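Keep in mind that what you see is a predicted model, and the values were worked out from it rather than measured. Order of the sequence lines sets the chain letters (A, B, ...), proteins ahead of strands, with each chain counted from 1.
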Amino acid sequence: MAAKDDLGRRGEDLAAQFLADAGYTVIDRNWRCARGEIDLVARDGNDTVFVEVKTRSSTAFGHPFEAITPQKLARLRRLANAWCDAHPYRRGVIRIDAISVIAAAGAAPLIEHLRRVF
Amino acid sequence: MPVGRTQAIALLGLQGAVVEIEADYSSQLPKFILIGLPDAALGEARDRVLAAAANSGCDLPSRRLTVNLSPAALPKQGSGFDLGIALATLAAAGIVQAESIARVVHLGELGLDGRLRPITGTLPAVSAAAAAGFDTVMVPTGNAAEAELVPDIRVVAVPSLRDAAIWHGAEFEPLEVEPIQSAHPEDPANDDLDLADVIGNGDAVEAMVVAAAGGHHAFLLGPPGSGKTMLAARLPGILPDLDPAAALEVSSIRSLSGLPVGHALITRPPFESPHHTATAAALIGGGSKQIRPGAAARASGGVLFLDEAPEFNSSVLDALRQPLESGVISIHRANAVAHFPGRFQLILAANPCPCGQYGARDSECTCTPSARRRYLGRLSGPLLDRIDIQFRVQRVTSAQLKLANDGGQLTTTLARERVASARACARERLAATPWSVNSQVPGFWLRGPQARLSSVVTSTIDRALERGGITMRGYDRVLRVGWTLADLDGAPTPSADHIGRALYLRKALSS
């Protein structure tokens, strides 16, 4: 596995932990279908939350949030629909959130969470 | 996070409106939204502000930034809002004190390196800020001298965004930068034109003095090389200094046109001589989004000289009729109306015919009578109606040249003194009226009981009127010029001689 995949994997772990600490229930991770992959799916009360996790080791090439483009969000929305089709019993309000993880080597990771980004 | 709030000025003509700039960060993916009818240049403020902030050492949050310019319906142009947008953004990010920027009006364009660039229209914008009751305005260093011309407002000049932020309480180390100065060099003084350079043509020099004393519009007709341009260019020199209100107006128009203003208000009357290919927009002003002043507005308070007047497009010339009537240039566009001052003194010059030689003593005219008539016919009657002095200029003969070498010509200094005293006379006489120079006085007043002249004095023009030599309008104009001649001679009322000379100053065209 390449180093960047390791970093992404670690970021997703940190984000899942962050959500669990915030009282969310993580119900799916790295869910795949023909159209792509959802990083995290969680329950927050009555909401089904689809989370895009973006991890970087520094902000030298921009903040992780800046890498979440409108195209990426549109794809996430389509994937959310696909996920709901595949899990028909999980109805409720759906929401798309973004989590950025800045994991510099040798420092505590910095996690930021934006709700309802789309 | 707090909402950052500050002010800038949007200019429409010479009037400025205070625009409130609000900046707010919301918890959304990073984006910069600028709303409130910005034009293309102002829309690009987004990229300038972000780059300038980053290069000034400001760490802005990666969140959605919304900047609102209100009143939202007022169209806003140009780059002068950059500094206000940047500081409102810094306040929203908690880098500068929100209370500090809320009290100040900010003007200035940002460079990508964070330095502030001078903008046009600083003078009217700062005047508008002072009129709106603000006591502090922040401008780029390059505009400092101009902004300080406005009384009763404190001017803070800063070279860069970083210094602006430090002034508003940001905790940065000051960083020495080279301030960006206005690119315009001081323009060369026009003061070396002296009336004494005009030799021969004593009558024409006298006509110019009369035009200056009464503020009369003038029409010079003569063959090429008779000195029409030379005479007109020397007219601003013999006009009196501008009063403070007019000086502010002239300087404001220069500032708005992007011309240098210098370190003091301009006190000498301006001189504009647009080329005869000028369009109506170039002459009176125009533009679809940003309405810019034209040559007539730049000449307000001074002289607008139209050389080769019949060569101008007739619709362009007729566009001057409204400002000649009202003293105000109003430019109407779909989204706004801009007003500029239009109190210029109009000097028209023309050749008598297409070949130019008609009426010259030393050469033959080759034009047909109909070509001659068509040529001057391009000047519309309503326009010529507003011109008090219509005068024929002749080429200088060798005899006049020899005589002139003996000296004795009227100098600009002397002429200006005569003009000033004549204007003082007129002002005193017209103190109880809304007018101050003779050219403003309407005919009914001159013929009314306040100023009626005896029939002995007016017998020449009465006869001319009977014979159809002059019209009633022409009659009024002769009276008006007659009063100016009397003022120049220090006489309490015009004599028959003054009226006769006034009639002579109208004889260029047969009307």
Side-chain angles (χ1 to χ4, degrees), chain A residues 11 14-15 18-19 22-24 36 38-40 42 44 47 49-80 93-104 107 109-118, chain B residues 1-4 22-35 38 43-68 82 85-96 110-114 161-162 165 170-173:
Chain A
L14 287 165
F18 175 86
L19 287 179
Y24 290 51
I38 303 177
D39 292 340
L40 288 173
D44 174 24
D47 295 359
V49 187
F50 300 89
V51 186
E52 173 68 21
V53 182
K54 201 76 204 162
T55 312
R56 284 191 170 172
S57 57
S58 79
T59 54
F61 293 96
H63 193 275
F65 281 147
E66 287 167 15
I68 303 180
T69 57
Q71 292 92 323
K72 188 169 271 188
L73 284 174
R75 193 177 70 224
L76 198 59
R77 200 179 169 95
R78 285 195 298 273
L79 286 167
V93 181
I94 71 162
R95 207 172 88 194
I96 293 175
D97 285 10
I99 289 183
S100 87
V101 181
I102 300 171
L110 181 70
I111 301 174
E112 289 172 86
H113 180 197
L114 295 181
R115 294 150 154 260
R116 288 196 183 83
V117 293
F118 194 72
Chain B
M1 274 189 247
V3 175
E22 297 169 302
D24 180 46
Y25 273 107
S26 56
S27 287
Q28 288 291 316
L29 292 177
K31 200 172 181 185
F32 190 153
I33 301 166
L34 183 58
I35 51 177
E44 287 161 355
R46 270 194 290 261
D47 302 316
R48 285 194 297 272
V49 166
L50 288 185
N55 290 326
S56 301
C58 306
D59 194 13
L60 294 178
S62 292
R63 292 288 186 279
R64 183 160 78 189
L65 170 64
T66 309
V67 172
N68 180 34
D82 287 5
I85 293 173
L87 286 168
T89 304
L90 295 189
I95 296 172
V96 299
L110 283 171
L112 294 185
D113 57 358
L161 178 60
R162 194 181 175 95
E171 285 160 1
F172 293 141
E173 286 296 311

To check you understand the geometry: which heavy-atom pair defines the closest contact between B:Arg63 and A:Leu114, and what is its length? NE-CD2, 3.6 Å

Counting only non-hydrogen atoms closer than 4.5 Å, does B:Arg64 touch chain A with its backbone (N, CA, C, O), its side chain (CB onward), both, or neither? neither

Taking every heavy atom of B:Ser62 against every heavy atom of A:Phe65, the minimum-distance pair comes out as O-CD1, 4.0 Å

For A:Ala98 and B:Leu29, which heavy atoms make the closest approach, and how far apart are they? CB-CD2, 4.1 Å

Between NE2 of A:His113 and OG of B:Ser27, what distance do you get to the nearest 0.5 Å? 10.5 Å

Assess whether atom NZ of A:Lys72 is packed by more than 12 heavy atoms of other residues, nucleotides or ligands within 6.0 Å. yes

